[in-house]
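Positions are given from 1 along the sequence. Just so it is clear, the model here is predicted, and its values are computed rather than measured.
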Amino acid sequence: MTSVFIGGSRAVSRLNSTIVSKLDELIGRECLIFVGDANGADKAVQQHFAGRGYEHVLVYCMDACRNNLGNWPTKKVKSPSSRRDFAYYAAKDHAMARDAKCGIMLWDGKSKGTLNNVQELIRSGKKTLVYLASEKAFHKLVNEGDLDALLKRCDPGAVHRAQQAITTKLPAQLPLHPVTPL
């Protein structure tokens with residue numbers, strides 16, 4: 001069973017027919033879905049899978065799950081940061097990127113968290129589909145060149161600010177912490 005990390009920006013919280021079609025394709029292929037527990041894209045994706053009665057979902061959480069709309073199994077992730085900041089929640093995304101075979105990201109072209117996830121998946125050699133909200137279309141990324149081409153389609157100032165936030169707010173490499181069931 002192929003495991004897919006699905007994540008995205010808080011700003012991409014409404015699923016249009018393009019996104020729904022892709023999620024339904026994953027259901028048809030019986031993929032194992034890794035999704036976070038945040039409001040926004042995570043919650044919208046959870047709502048979709050719960051509404052379809054899809055069971056092959058694993059929700060990654062920190063201390064306690066904020067959202068688990070399908071009452072699916074969960075994985076608790078330890079963070080190197082005790083403050084509930086960007087680094088704290090990035091540890092959960094890091095675990096999903098590490099555990100998944102590939103990724104699907106719903107991105108507004110600005111979110112530092114989603115950009116960090118895309119970069120991490122690509123650095124790990126994992127194919128990633130990025131839904132760019134401004135174009136209402138998916139882009140297939142296989143390598144750094146594909147990512148560079150996608151970033152050129154975005155507002156350079158927004159990309160620079162997101163990249164700067166990633167660089168200043170995250171350790172050079174998040175340590176790999178064991179992921180344990182809740």
Practice problem: Heavy atoms only: give me the nearest L69-Q46 pair and the separation to one decimal. | Solution: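 Reported closest heavy-atom pair: N-OE1, 2.8 Å.
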
Exercise answer: donor-acceptor pairs, residues 26-37 side-chain atoms, under 3.5 Å, sequence neighbours excluded:
| unit_1 | atom_1 | unit_2 | atom_2 | d |
| --- | --- | --- | --- | --- |
| D37 | OD1 | R66 | NH2 | 2.9 |
| D37 | OD2 | R66 | N | 2.9 |
| D37 | OD2 | R66 | NE | 3.3 |

Regarding [X] and [Y], do their side chains bring together a donor and an acceptor under 3.5 Å, going by distance alone?
| X | Y | answer |
| --- | --- | --- |
| Y131 | N16 | yes |
| D99 | Y60 | yes |
| H94 | N116 | no |
| D42 | N67 | no |
| Q163 | Q119 | yes |

State whether the side chain of [X] and the backbone N or O of [Y] hold a donor-acceptor pair below 3.5 Å, judged by distance alone.
| X | Y | result |
| --- | --- | --- |
| K126 | R98 | yes |
| T128 | L141 | no |
| S9 | V12 | no |

Practice problem: Dump the intermediate steps for side-chain contact (heavy atoms from CB on, under 4.5 Å) on F138 and T18, then the final yes or no. | Solution: CA-CA 8 Å; F138 279 101; T18 302; 3.9 Å; yes

Quiz item: Can a salt bridge be assigned to the pair K110 and D108 using a cut-off of 4.0 Å between side-chain N and carboxylate O?
Solution: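 Salt bridge absent between K110 and D108.
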
Quiz item: Between K140 and D146, is there a side-chain N and carboxylate O pair less than 4.0 Å apart?
Solution: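 Between D146 and K140 there is no salt bridge, as every charged N stays at least 4.0 Å from the carboxylate O atoms.
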
Self-check item: salt bridge (Lys or Arg N to Asp or Glu O under 4.0 Å) partners for R14, two or more places apart
Solution: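 In terms of salt bridge (Lys or Arg N to Asp or Glu O under 4.0 Å), with neighbours along the sequence ignored, R14 is linked to no residue.
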
Quiz prompt | Check against side-chain contact (heavy atoms from CB on, under 4.5 Å), D24 and R52 | solution = CA-CA 9 Å; D24 286 346; R52 296 283 200 268; 2.9 Å; yes

Quiz item: Do we get K112 above F86's six-membered ring, with its NZ or CZ under 6.0 Å from the centre and within 45° of the axis?
Solution: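 So K112 does make the cation-pi contact.
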
